[in-house]
Amino acid sequence: MRYFNVAGPCHRGKHYMIETSSRLQGVEQLIDMEQYFVIHAARQSGKTTCLLDMTLRLNAQEKYHAVYCSLEGLQGINDAKEGIPLIVKCIKQALHTCNTPKNELFAKDADYSNFAGVLHVEFTKYCGLLDKPLILFFDEADCLYGDTIISFLRQLRSGYINRMLAPFVHSVALVGMRNIRDYKALIRSERETLGSASPFNIVTKAMTLNNFTKEEVASLYQQHTKETGQIFEKEAVDMVYEQTQGQPWLVNAIAREVVIEMLAFDHTKPVTPSLVWQAIQTIILRRDTHIDSLLERLKEERVRRVIEPMVSGDVFFDHLSDDYQYVTDLGLIHNIKGKIQPSNPIYAEVIARTLSYDAQETFILEKPNAVIPAYLKEGKLDVDGLLLEFQQFWREHSAIWLDRFAYREAAPHLILQAFLQRVINGGGDIIREMAAGTGRTDLCLVYEGQKYPIELKIRRGDKTLAQGIEQTMQYMDTFGCTQGWLVIFDRRPQVEWDDKIFVQKETKEGKTVTVFAM
């Protein structure tokens, strides 16, 4: 019986999977045209699965000799004298693994002292022995670094431009997280240019591996239904897509959590939205390897420079920077109509929880019984009481707490979210909406079907209050609420607390916004 895979590449016959041809349209045309190209996508998006599947499919067609070769083991090797011989040996092993004809002859008597040309020489000799063109998929190509990647690409380029004179590799794909333009950041160090004979100018196209579409998510789950009879309710599929935006690992992880862990292979029970939501919360709290590895990146300074303005709603100016491209390639963010946002609501949740984790733990230790029942008034969540308590806390402790955060500019937003999280842990949820350039962060507390929208802003001048009220009312409209809350953090050090702390209500067209300034 096939299953939903979350560890390593998927294999036909073992795992449910989406057809490679639908995710990488146009690749075979590039190969037929003898092109060298790049495939880039975030981690855990199915790159290796697609490459292995394509290798098997091309070899089955008996038109080419296709070879999959991972360069992951060469991570960080700068010296080409060491790196190039290791690449040659990786290729030799890959040829053997793929059972490519005469693989034992590749680099049989290689002269590794000629590290600047040995790859070109051995490919020329080997391709001259083959009865069909050779295709190479280099996975984890962006693990190469410094002089190693320079020499590697120069030798590919040399063979490429001389193919009319001597045999060489028919088509090459460089595959990794980074686009070809970003490989240059791996090699330049203090050099401004590599000269006119750039090793990058042989690449004709850069392709990306997109997330699953909603139709592909439904198709993946339908494979399970066809084999087991277990139904994924349409609303459950819609929720999976909404929460994951089609991120392949998350799509598989949610289904696996429900089918195997929660329902224990009882295929008579349908997969419902309620089960999907429970699975999502479990995955977030458990911090599986995929999520944990992404969140470790939040500690990197280059990641902080991009994520921090997204959390606080500030403007991020340099969309051309390597930092921005790096965080995008990690799959943590995407750009929607000029707004930098988390790639999906699950990532938004784990980013907020991770960055505010220490504060949450401190709040829990100080007030272990602070859960929703303590903040109920006539069956409704007492948001006024919550924010009054936080307002007093902020006045007394903000100076100390701000120094604890690496994400200092976003600290007010994160500390308030941690404060609210300890209460919500008692049985509610938080919907988070964050995006750089919006000037705000939107939260919506959810309890017993009731929604309580809250908008967070930093005071940026006298217009902040009026703008915030208008924005809060617009946010309230998305949930059909007539009551909302606006929190404004006034970070002017020269202003006394008594002059910047206040609570006021603004009512307009039947809608009321309660403002908490602090």
Side-chain angles (χ1 to χ4, degrees), residues 8-14 20-21 24 26-39 47-74 83-112 114-115 117-141 143-144 151-176 202-204:
C10 295
H11 299 276
R12 295 181 184 277
K14 292 183 179 180
T20 302
S21 56
L24 279 175
V27 168
E28 293 192 34
Q29 287 85 346
L30 289 174
I31 291 171
D32 289 340
M33 294 166 62
E34 303 181 56
Q35 302 297 295
Y36 286 20
F37 56 96
V38 163
I39 300 171
K47 295 188 298 296
T48 302
T49 292
C50 286
L51 295 180
L52 291 171
D53 190 56
M54 196 181 313
T55 299
L56 292 172
R57 191 171 70 250
L58 287 171
N59 284 328
Q61 294 172 3
E62 299 186 347
K63 183 179 178 181
Y64 301 113
H65 294 305
V67 177
Y68 168 86
C69 179
S70 174
L71 300 176
E72 186 174 7
L74 283 92
I84 295 299
L86 288 175
I87 291 175
V88 173
K89 292 172 184 176
C90 279
I91 296 168
K92 188 174 183 66
Q93 179 60 47
L95 292 168
H96 174 74
T97 301
C98 294
N99 199 28
T100 310
K102 303 180 182 180
N103 61 78
E104 72 281 358
L105 298 179
F106 179 78
K108 183 178 180 181
D109 301 307
D111 177 12
Y112 291 118
N114 177 27
F115 64 90
V118 63
L119 188 63
H120 181 185
V121 169
E122 296 305 324
F123 269 145
T124 297
K125 289 193 297 185
Y126 183 63
C127 290
L129 299 174
L130 295 177
D131 59 335
K132 289 180 285 191
L134 180 65
I135 314 299
L136 275 166
F137 299 113
F138 285 110
D139 200 3
E140 306 289 351
C143 285
L144 301 181
S151 182
F152 173 68
L153 292 174
R154 285 209 186 281
Q155 291 184 64
L156 288 182
R157 180 180 185 278
S158 178
Y160 175 89
I161 63 178
N162 288 292
R163 286 186 300 181
M164 292 182 64
L165 304 175
F168 202 69
V169 183
H170 178 85
S171 183
V172 171
L174 303 175
V175 186
I202 60 173
V203 172
T204 59

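All values reported here derive from a predicted model rather than from experimental measurement. Only this structure's heavy atoms are used, side chains among them; waters, hydrogens and symmetry mates stay out.
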ask   = Distance-only, no hydrogens or angles: does the Glu72 side chain make a donor-acceptor pair with backbone N or O of Glu140 under 3.5 Å?
value = no
query = Taking the side chain as C-beta and beyond, is there a heavy-atom pair between Ile39 and Leu51 under 4.5 Å?
reply = yes
ask   = Would you say Asp32 and Lys63 make side-chain contact, with heavy atoms under 4.5 Å?
value = yes
Exam field: side chain Gln155 to backbone His120, donor-acceptor pair closer than 3.5 Å = yes
ask   = Taking 4.0 angstrom as the limit, do Asp139 and Lys47 come out as a salt bridge?
value = no
note = Scanning both residues in full, the closest heavy-atom pair of Phe37 with Val27 reads CZ-CG1, 4.0 Å
query = Taking the side chain as C-beta and beyond, is there a heavy-atom pair between Phe152 and Leu174 under 4.5 Å?
reply = yes
ask   = Passes side-chain contact (heavy atoms from CB on, under 4.5 Å), Val172 versus Phe123? Steps please.
value = CA-CA 12 Å; Val172 171; Phe123 269 145; over 6 Å; no
message = Given 3.5 Å as the limit, does a donor-acceptor pair link the side chain of Ser158 with the main chain of Arg154, or not?
response = no
key: Approximate separation, where rounding is to 0.5 Å, of Glu104 CD and Leu95 CG   = 10.0 Å
ask   = Do Glu28 and Arg57 meet the salt-bridge criterion of a basic N to acidic O distance under 4.0 Å?
value = yes
message = With side-chain contact (heavy atoms from CB on, under 4.5 Å) as the criterion, how do Thr100 and Phe106 come out once you've worked through the C-alpha distance, each side chain's angles and the decisive distance to 0.1 Å?
response = CA-CA 10 Å; Thr100 310; Phe106 179 78; over 6 Å; no
query = Does NZ or CZ of Lys89 lie under 6.0 Å from the centre of the six-membered ring of Tyr112, at an angle within 45° of the ring axis?
reply = yes
query = Among all residues two or more places apart in sequence or in another chain, which pass the side chain to side chain contact (heavy atoms under 4.5 Å, CB included) test with Leu56?
reply = none
key: Spacing of Tyr64 atom OH and Leu130 atom CG [to the nearest 0.5 Å]   = 14.0 Å
key: Side chains of Leu58 and Phe137 in contact at under 4.5 Å (non-hydrogen atoms)   = yes
query = When rounded to the nearest 0.5 angstrom, what is the spacing between CG in Leu119 and CG in Leu156?
reply = 6.0 Å
message = Between Thr49 (side chain only) and Cys10 (backbone N and O only), is there a donor and an acceptor less than 3.5 Å apart?
response = yes
inquiry  = Is there a side-chain contact (heavy atoms from CB on, under 4.5 Å) between Asp111 and Val121? Walk through the geometry before answering.
reply    = CA-CA 9 Å; Asp111 177 12; Val121 169; over 6 Å; no
ask   = Looking at side-chain heavy atoms only, is the closest gap between Thr124 and Asn162 below 4.5 Å?
value = no
Distance-only side-chain donor-acceptor flag, Tyr68 / Asp53, under 3.5 Å = no
task = Heavy atoms only: give me the nearest Phe115-Ser151 pair and the separation to one decimal.
result = O-OG, 3.7 Å
key: Minimum heavy-atom distance Tyr160-Glu34, with the two atoms named   = CE1-O, 4.1 Å
note = Between Leu71 and Cys90, the two heavy atoms sitting closest are CD2-CB, 4.4 Å
ask   = Are the side chain of Lys102 and the backbone N or O of Leu129 linked by a donor-acceptor pair below 3.5 Å?
value = yes
request  = Please identify each residue that fulfils side chain to side chain contact (heavy atoms under 4.5 Å, CB included) with Glu62, with sequence neighbours left out.
outcome  = Lys132
query = Between His65 and Leu134, is a side-chain contact (heavy atoms from CB on, under 4.5 Å) present by the stated rule, with each step listed?
reply = CA-CA 5 Å; His65 294 305; Leu134 180 65; 4.2 Å; yes
message = To check you understand the geometry: which heavy-atom pair defines the closest contact between Ala110 and Val118, and what is its length?
response = CB-CG2, 4.0 Å
ask   = If you take all heavy atoms of Cys69 and Ala94, which pair is closest and at what distance?
value = CB-CB, 3.7 Å
inquiry  = Is it true that, when you exclude His96 itself, more than 12 heavy atoms of the residues, nucleotides or ligands shown sit nearer than 6.0 Å to its NE2?
reply    = no
query = Do Ser171 side-chain atoms and Gln35 backbone N/O form a donor-acceptor pair below 3.5 Å?
reply = yes
